[in-house]
Amino acid sequence: NRKQDEKLERIDRNTSVLVDIFKAGRGTIKTVGWFGKLLIWIGSVASGLYALWFAVTNWPQKGG
């Protein structure tokens, strides 16, 4: 019984380390998701501003 208890305790310790790793990974994935949404928003605003600037600077000139 003592041998089995020791093995079970060792398995429990190893499993708890894996659970902690997965919990940390979940937080990392959530952070990367927020960062990705921020990059998409910044890219959208930047491309809109560039399109506006390009349209204004390349406006066809009137007359000859």
Donor-acceptor pairs under 3.5 Å, side chain of residues 5-18 to any protein atom, not counting sequence neighbours: which ones?
residue	atom	partner	partner atom	Å
Asn14	ND2	Arg10	O	3.4
Thr15	OG1	Ile11	O	2.7
Ser16	OG	Asp12	O	3.4
Ser16	OG	Arg13	O	2.7

Looking only at heavy atoms, the pair that brings Phe54 and Asn58 closest together is CE1-ND2, 2.9 Å
Going by chain and number, the hydrophobic cluster around Leu39 (ILVMFWY, side chain to side chain under 4.5 Å) further includes Phe35
Phe22 meets the ring pair (Phe, Tyr, Trp, His ring centres under 6.0 Å) criterion, sequence neighbours left out, with none
Name each donor-acceptor pair under 3.5 Å that joins a side chain in residues 44-51 to protein atoms two or more places apart or in another chain, with its distance.
residue	atom	partner	partner atom	Å
Ser44	OG	Ile40	O	2.9
Ser47	OG	Gly43	O	3.0
Ser47	OG	Ser44	O	3.1

Donor-acceptor contacts, no H, no angles, side chain residues 24-32, under 3.5 Å, sequence neighbours left out:
residue	atom	partner	partner atom	Å
Thr28	OG1	Ala24	O	3.0
Thr31	OG1	Gly27	O	2.9

